[in-house]
Amino acid sequence: MASSIDFESISEATSGAVGALVSTTLLYPLDTCKTKFQAEVRSHGNQRYRYLSDVLWEAISNRQFLSLYQGLGTKNLQSFISQFIYFYGYNYFKRLYLKKSGSKSIGTKANLVVAAAAGACTAIVTQPLDTASSRMQTSAFGKAKGLWETLSEGSWSDAFDGLGISLLLTSNPAIQYTVFDQLKQRAIRRQKLSNDGKVAVETSHEALSAFSAFLLGAVSKSIATVLTYPAIRCKVMIQASDSVNEVEDAQPKAPKTMTDALRAIWKREGILGFFKGLQAQILKTVLSSALLLMIKEKISKYTWISMLALRRYLIATQIRRVKKA
């Protein structure tokens with residue numbers, strides 16, 4: 001039984017999920033401001049939020065600062081599950097590829113495919129939670145509903161709004177983690193060269209320093225965010241609560257397809273509209289991903305040790321059962 005469990009993948013998944021939970025909680029007010037800012041589309045000169053800070057000021061002036069945390073529970077649940085599935089799938093598919101190909105390392109192209117496959121599995125499983133958290137964040141301050149009530153507002157298919165874009169955006173973490181993984185391998189080799197004068201064989205529990213992991217995480221996420229941002233904004237608009245665009249009844253309801261979102265942006269904001277909120281997106285996602293990867297790297301050793309201890313316990317239990325039989 002113990003030999004059939006992929007402890008390395010579980011260790012990686014657990015580290016990534018815990019890192020996602022902590023980073024999501026710390027940066028959630030910024031995420032809420034960013035999401036509400038992205039979801040609004042200017043129409044007939046009417047615009048509630050000209051700057052990202054306008055969202056924060058609205059919450060403060062209405063004494064609704066704690067509403068910046070509306071949907072936090074759902075977001076944390078979605079982040080934990082999605083990161084666990086992603087890191088488990090990524091590590092599992094990576095190990096499977098290396099085993100089938102007989103290679104000692106995975107190339108950039110194969111890494112992209114592996115990361116995209118893990119991302120697709122994650123998007124399909126967690127899409128309803130992603131949609132619900134976006135609707136909660138973009139609801140009027142103090143008027144967000146619970147998870148079940150939010151998902152029950154429309155049909156079951158509405159819970160999967162933006163799934164097509166989510167699948168398209170699997171290229172985002174695919175690019176991010178591919179860049180991070182390649183940079184990490186180079187950084188570890190340089191560390192070994194400077195410490196030992198030669199390159200040693202990598203082990204699954206090797207880790208970067210907190211600063212190095214933070215820096216590489218920021219660089220890799222910045223690259224991925226810039227390349228995929230127009231699709232990111234379209235997804236937010238599709239999943240947004242209708243109340244976000246109720247500025248003197250001047251704006252229509254949220255678009256339902258990527259084509260509708262692109263058309264709305266082009267018509268009302270021009271080409272620059274495709275990158276509205278890019279700075280806020282980079283700030284939030286870079287900090288979030290860098291924190292996630294930093295925390296994951298720091299606790300990966302402990303989760304690996306815990307998994308080894310669990311493995312020994314299961315093997316010992318299995319041996320005792322065999323002896324009793």
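All values below were derived from every heavy atom in this structure, side-chain atoms included, with hydrogens, water molecules and symmetry-related copies excluded. We're numbering straight along the sequence, starting at 1.
Residue Lys36 holds its NZ atom at 8.5 Å from OG1 of Thr32, rounded to the nearest 0.5 Å. The line from CG of Leu26 to OH of Tyr28 is 14.0 Å long, rounded to the nearest 0.5 Å. Distance OG1/Thr126 to CG/Leu77: 9.5 Å, rounded to 0.5 Å. The distance from atom CE of Met237 to atom CD1 of Ile165, rounded to the nearest 0.5 Å, is 9.5 Å. Put simply, CD on Glu58 and CG on Leu68 are 9.5 Å apart, with the number rounded to the nearest 0.5 Å. Taken to the nearest 0.5 Å, the CD atom of Glu269 stands 4.0 Å off from the CZ atom of Arg233.
At least one donor-acceptor pair closer than 3.5 Å links the side chain of Ser133 to the backbone N or O of Asp130. Although no hydrogens or angles enter the test, the distance criterion places a donor-acceptor pair under 3.5 Å between the side chain of Ser171 and the main chain of Leu168. Gln127 contributes a side-chain N or O that, together with a main-chain N or O of Asp161, makes up a donor-acceptor pair within less than 3.5 Å.
Ion pair Asp158/Arg135 not flagged as a salt bridge, since none of the NZ, NE, NH1 or NH2 atoms sits closer than 4.0 Å to an Asp/Glu carboxylate oxygen. Here Asp181 does not pair with Lys184 in a salt bridge; the nearest charged N to carboxylate O distance is not below 4.0 Å.
Residues meeting the side chain to side chain contact (heavy atoms under 4.5 Å, CB included) test with Lys145, sequence neighbours left out: Glu149, Thr150, Glu153.
The two residues Ser166 and Lys235 make their nearest non-hydrogen contact at OG-CE, 3.3 Å. Summarising the geometry of Gly162 relative to Ile238, their closest heavy-atom pair is N-CG2, 4.0 Å, with the distance given to 0.1 Å. Here the shortest heavy-atom pairing between Leu167 and Ala123 reads CD2-CB, 4.1 Å. Taking both residues in full, the closest heavy atoms of Met136 and Gly146 are given as CE-C, 3.4 Å, listed atom of the first, atom of the second, then distance. The two residues Gly89 and Ala118 make their nearest non-hydrogen contact at C-CB, 3.9 Å. Taking every heavy atom of both residues into account, Ala116 and Thr170 meet most closely at O-CB, 4.0 Å.
Between Leu98 and Arg95 the shortest side-chain heavy-atom distance does not fall below 4.5 Å. For the pair Leu262/Phe274, a side-chain contact is recorded, criterion being any heavy-atom separation below 4.5 Å from C-beta on. Residues Leu56 and Phe65 form a side-chain contact, since some pair of their non-hydrogen atoms from C-beta on lies under 4.5 Å apart. Taking the side chain as every heavy atom from C-beta outward, Leu278 and Ile232 never approach each other to under 4.5 Å. Side-chain contact check for Asp54 versus Tyr51: some heavy-atom pair is nearer than 4.5 Å.
Connection of Val113 to Phe180 is not established within any shared hydrophobic cluster, with ILVMFWY side chains joined at heavy-atom distances below 4.5 Å, either directly or through further cluster members. Linking ILVMFWY residues whenever their side-chain heavy atoms come closer than 4.5 Å, directly or via other members, leaves Leu21 and Leu30 in distinct clusters. A continuous path of Ile, Leu, Val, Met, Phe, Trp and Tyr side chains, each step under 4.5 Å between heavy atoms, connects Ile282 with Leu272, placing both in one hydrophobic cluster. The hydrophobic cluster containing Tyr229 also contains Ile271, counting ILVMFWY residues as joined when their side-chain heavy atoms lie under 4.5 angstrom apart, directly or transitively. Tracing side-chain contacts under 4.5 Å through hydrophobic residues (I, L, V, M, F, W, Y), one never reaches Tyr86 starting from Phe80; they form parts of separate clusters.
Listed by first then second residue, pairs satisfying side-chain hydrogen bond (donor to acceptor under 3.5 Å, both in side chains) with a partner in residues 59-71 read Gln64-Ser67, not counting sequence neighbours.
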Report the C-alpha separation of Phe160 and Thr131 in whole Å, then their side-chain angles, then the decisive distance to 0.1 Å, and conclude whether the side-chain contact (heavy atoms from CB on, under 4.5 Å) test is met. CA-CA 7 Å; Phe160 288 89; Thr131 300; 6.0 Å; no
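Residue Gln137 is tested with Asp31, Val236, Thr74 for a side chain to side chain contact (heavy atoms under 4.5 Å, CB included); the sole match is Asp31.
Within the cation-pi definition used here (under 6.0 Å to the ring centroid, within 45° of the axis), Lys276 does not qualify as a partner of Tyr49.
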